[in-house]
Asker: 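Handing you a structure now.
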Number of protein chains: 2
Amino acid sequence: MGYGMREGLSERNKKILEAIIEDYIVTAEPVGSRAVTRRHGLTLSPATVRNVMADLEEMGFLTSPHTSAGRVPTDKAYRFYVDSLLAVGTIDKAERERIRKRYSLAGRDIGAVLHETSKLLSSVSHYMGIVLAPRFSSTIFRHFEFVKLSGRRILAILVAQNGTVQNKLIESAEELSADDLVRMSNYLNELLEGLPVSEVRAKILAEMQNEKVLYDALLTRALKLSEQTIEEGGAQIFIEGQTNIFEQPEFTDVRRMKEVFRAFEEKSQLIHLLDRSLSAEGVQIFIGAETRLNQMEGLSVITSPYLSGKNTLGVLGVIGPTRMGYGKVIPIVDYTAKLVSRLLEEE
Amino acid sequence: MGYGMREGLSERNKKILEAIIEDYIVTAEPVGSRAVTRRHGLTLSPATVRNVMADLEEMGFLTSPHTSAGRVPTDKAYRFYVDSLLAVGTIDKAERERIRKRYSLAGRDIGAVLHETSKLLSSVSHYMGIVLAPRFSSTIFRHFEFVKLSGRRILAILVAQNGTVQNKLIESAEELSADDLVRMSNYLNELLEGLPVSEVRAKILAEMQNEKVLYDALLTRALKLSEQTIEEGGAQIFIEGQTNIFEQPEFTDVRRMKEVFRAFEEKSQLIHLLDRSLSAEGVQIFIGAETRLNQMEGLSVITSPYLSGKNTLGVLGVIGPTRMGYGKVIPIVDYTAKLVSRLLEEE
DNA sequence: GTTAGCACTCATCTTGTCTGAGTGCTAACG
DNA sequence: CGTTAGCACTCAGACAAGATGAGTGCTAAC
């Protein structure tokens with residue numbers, strides 16, 4: 001028996017485990033010893049396979065839902081599969097073309113691109129597509145503008161280098177003329193030119209201490225207003241293709257379905273998860289419990305950050321059942337991330 | 001028998017129909033003749049009620065899922081109920097207070113207000129909350145701004161009177177200096193001052209024919225760019241509380257659930273429905289098939305437009321099962337619409 | 001017109017049986 | 001000694017047969 005080797009399995013055991021996982025991925029049914037020999041061209045008898053399966057169960061790679069059902073891979077099995085067994089395919093040309101085409105339509109607007117991306121990820125993978133939009137603070141300051149709407153109501157608009165816009169309605173303490181507003185904008189634009197947005201707030205606070213400014217009421221006001229504007233908005237996230245999850249047989253049960261949906265309605269946890277892979281490099285995979293979200297039981301997340309030049313902007317990916325076609329999805333996510341990065345590069 | 005009166009039912013029949021509907025609204029179970037007498041203090045025997053029920057079924061107000069089940073109200077019954085039987089309650093003070101409080105938190109930003117509104121409608125009604133954001137074209141032009149991002153990439157920002165912002169990335173044919181951009185903005189702002197956004201495009205096209213402008217390359221360019229910016233974006237819609245629908249017993253079935261969700265993933269139809277009630281005055285109710293969307297079978301929509309001054313801006317409402325607490329939901333929608341209108345009034 | 005009574009219907013629940021896929025163990029085999 | 005055939009065993013799921021009971025429509029009496 002494979003007990004000699006603490007770590008790692010014998011070649012044969014790997015083959016069998018792989019066969020089981022791949023069978024399960026396509027059938028979604030517990031796979032029995034017979035099925036393994038039949039469908040995967042192994043020259044072993046079911047009895048032998050059964051012995052191996054018992055071992056694999058012992059080691060935590062398989063479980064059986066009940067005595068007379070076949071075995072089902074555990075999270076641990078998928079992890080092993082992804083790490084050691086899976087030959088990540090390359091995305092085929094037709095598919096690649098299909099993805100590329102989708103982008104020619106969407107304008108160059110970053111929001112549109114990201115939204116389209118999540119739809120695309122969903123439709124190409126047949127699972128759910130997710131895109132975490134860049135944090136505003138991760139961009140470079142470009143332009144400040146105050147627009148007077150009426151009386152003391154002012155709309156402050158903050159534009160970042162990458163074309164993202166953040167705006168906020170503020171009520172100023174007293175009425176300001178259009179001229180004042182222009183001067184305020186000019187002043188701020190000069191002051192903040194080229195600064196990372198994350199540092200803008202600090203700069204403003206520092207400037208407030210500046211003596212010269214203290215004597216100029218208008219500038220002080222400008223700083224105050226701008227400070228109100230800069231405010232970390234909650235990260236934006238695009239989720240598309242939720243209904244695809246319904247097609248998965250393991251979520252046919254109403255209770256499970258509810259759970260999953262509840263999880264996605266409360267987006268903050270999901271955002272937190274994506275945040276974790278923001279700093280990673282390349283494709284990351286979270287299998288079932290690895291997401292550390294318990295409503296995500298039975299679901300895996302495949303993500304990749306996308307960047308512009310050297311700056312990581314956000315994360316995109318696919319959420320599907322743990323029983324997912326990793327071999328196909330991984331290259332899709334990878335390719336899409338690179339494509340998006342390329343699209344946003346020039347900015 | 002009530003056959004003498006072609007239109008309208010006898011007082012007694014109305015009472016019975018009402019009892020059935022109200023019973024069904026709370027139990028979600030087909031209601032039988034016995035239940036009607038027992039639970040609704042009618043001094044009639046079940047046998048009599050049965051006769052009446054048979055008549056009501058004949059008239060299309062009731063159906064029975066099968067011979068030995070009770071009766072279930074049809075869309076027609078709900079329609080009658082809403083039109084003739086229902087005493088629309090007033091929203092109670094505590095609830096009103098609860099709603100009001102929610103708004104004190106959300107800033108004054110129109111987007112935030114609307115998003116919060118849909119959440120609120122969902123949580124107060126226990127069904128789904130929907131809000132159709134104002135069409136950009138329904139607002140008044142306020143300000144145009146071009147921000148140069150890099151090289152020929154320009155971000156055009158269009159601000160409306162109500163603080164809504166629409167922006168678009170455009171690639172200009174040749175590089176423009178920051179100065180040029182400022183002059184272009186100024187020119188457009190003067191030109192378009194106070195115009196309804198819906199007329200902006202026409203104005204721009206007209207101006208393009210203007211001789212004076214034809215000789216000024218910069219102005220021509222400005223018009224071209226601005227024209228690219230004005231583009232009816234798809235209406236924005238906020239939907240919240242989708243999982244509430246899952247709690248409804250009649251949607252416990254997986255097939256139904258899928259259907260409903262599919263309907264909401266494709267938002268365009270829903271938008272179309274809401275558009276229809278945009279021009280209506282006050283609360284509107286669409287019951288089941290009246291929505292003219294077949295995926296909406298078994299669902300009702302209660303809407304009310306919200307306005308600013310005299311201008312209808314958008315629509316908000318609640319989607320729930322036809323078997324919904326109309327008496328409670330109607331005043332909620334009504335009150336919320338008025339409240340939102342008030343909040344947006346000053347703009 | 002109303003009601004009691006009654007035969008009837010039919011979804012749903014319960015129970016029991018059967019089937020078949022799949023297992024673990026043991027003993028024989030190469 | 002690893003591999004395999006054989007066999008008894010388990011158990012979910014399908015199916016059929018009652019039993020239950022909620023509810024009906026009809027008829028005849030009040």
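Chain letters run A, B, ... following the sequence lines, proteins first and then strands; every chain starts at 1. Keep in mind that the numbers below use all heavy atoms, side chains included, and drop hydrogens, waters and symmetry copies.
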Asker: Can you measure Leu62(A) atom CG to dT23(C) atom P for me and round it to whole angstrom units?
Answerer: 10 Å
Asker: Taking atom P of dG1(C) as reference, at what distance in whole Å does atom CD of Glu11(B) sit?
Answerer: 18 Å
Asker: Mind checking the OH-CG spacing from Tyr127(B) to Leu121(B)? Nearest 0.5 Å is all I need.
Answerer: 13.5 Å
Asker: Tabulated below should be each protein N or O lying under 3.5 Å from an N or O of nucleotides 16-21 of chain D; please produce it.
Answerer:
none

Asker: Would you kindly give the CZ-to-C1' distance between Arg34(A) and dG24(C), to the nearest whole Å?
Answerer: 17 Å
Asker: Does a donor on one side chain sit under 3.5 Å from an acceptor on the other, for Tyr335(B) and Thr90(B)?
Answerer: no
Asker: Considering residues at least two apart in sequence or located in another chain, which fulfil the ring-ring contact (aromatic ring centres under 6.0 Å, His included) criterion with Phe286(B)?
Answerer: none
Asker: Taking only side-chain nitrogens and oxygens of Ser45(A), does any of them come within less than 4.0 Å of OP1 or OP2 of dT3(D)?
Answerer: no
Asker: Taking it one step at a time, do Gln269(B) and Gln295(B) satisfy side-chain hydrogen bond (donor to acceptor under 3.5 Å, both in side chains)?
Answerer: CA-CA 10 Å; Gln269(B) 297 196 303; Gln295(B) 309 100 314; 2.9 Å; yes
Asker: Look at the side-chain N and O atoms of Ser64(B) and state whether any lies under 4.0 Å from the OP1 or OP2 oxygen of dG23(D).
Answerer: no
Asker: With nearest nucleotide decided by heavy atoms, which residue, Leu44(B) or Gly32(A), maps closer to the 5′ end of DNA chain C?
Answerer: Leu44(B)
Asker: Glu58(A) CD to dT23(C) C1': how many Å, rounded?
Answerer: 16 Å
Asker: Specify whether Phe246(A) and Phe261(B) have parallel, tilted or perpendicular ring planes, treating 30° as the upper limit for parallel and 60° as the lower limit for perpendicular.
Answerer: perpendicular
Asker: Rounded to whole Å, how long is the line connecting atom CG of Leu42(A) with atom C1' of dT3(D)?
Answerer: 14 Å
Asker: For the backbone of Arg256(A) and the side chain of Glu259(A), can you confirm whether one donor and one acceptor N or O come within less than 3.5 Å of each other?
Answerer: no
Asker: Is the phosphate of dT24(D) approached by Ser33(B) (side-chain N or O, under 4.0 Å from OP1 or OP2)?
Answerer: yes
Asker: Would you please confirm or rule out a distance under 4.0 Å between OP1 or OP2 of dT23(C) and any side-chain N or O of Arg71(A)?
Answerer: yes
Asker: In whole Å, what is the span from the NE2 atom of His66(B) to the C1' atom of dA22(D)?
Answerer: 9 Å
Asker: Heavy-atom contacts under 4.0 Å between residues 16-30 of chain B and DNA chain C, which residues?
Answerer: none
Asker: Just to be sure I follow the notation: if a pair is Watson-Crick (purine N1 to pyrimidine N3 plus N6-O4 or O6-N4) or a G-U wobble (N1-O2 and O6-N3), each under 3.5 Å, what dot-bracket string does DNA chain D give, with | for pairs to another strand?
Answerer: ||||||||||||||||||||||||||||||
Asker: So, does Arg12(B) get its side chain near the phosphate of dG1(C), meaning an N or O under 4.0 Å from OP1 or OP2?
Answerer: no
Asker: Just how far, in rounded Å, is C1' of dT24(D) from CE of Met53(B)?
Answerer: 10 Å
Asker: Side-chain contact, heavy-atom cut-off 4.5 Å: Ile330(A) with Leu86(A)?
Answerer: yes
Asker: Under the side-chain hydrogen bond (donor to acceptor under 3.5 Å, both in side chains) criterion, do Glu266(A) and Ser268(A) qualify, and how do the steps go?
Answerer: CA-CA 6 Å; Glu266(A) 190 45 68; Ser268(A) 60; 3.1 Å; yes
Asker: So, Asn13(B) versus Ser10(B): side-chain donor-acceptor pair below 3.5 Å or not?
Answerer: yes
Asker: To the nearest 0.5 Å, tell me how far Thr322(B) OG1 sits from Ile287(B) CD1.
Answerer: 8.0 Å
Asker: Decide whether Tyr81(B) and Glu22(B) meet the rule of one side-chain donor and one side-chain acceptor closer than 3.5 Å.
Answerer: yes
Asker: Salt bridge (charged side-chain N to carboxylate O under 4.0 Å, His left out) with Lys328(A): which residues, sequence neighbours excluded?
Answerer: none
Asker: Could you check whether the rings of Phe61(A) and Phe80(A) sit parallel, tilted or perpendicular, using 30° and 60° as the cut-offs?
Answerer: tilted
Asker: Does the side chain of Gln284(B) pick up a donor-acceptor pair with the side chain of Thr303(B) at under 3.5 Å?
Answerer: no
Asker: Polar pairs (N or O, both sides) under 3.5 Å between protein and nucleotides 26-30 of chain D?
Answerer:
none

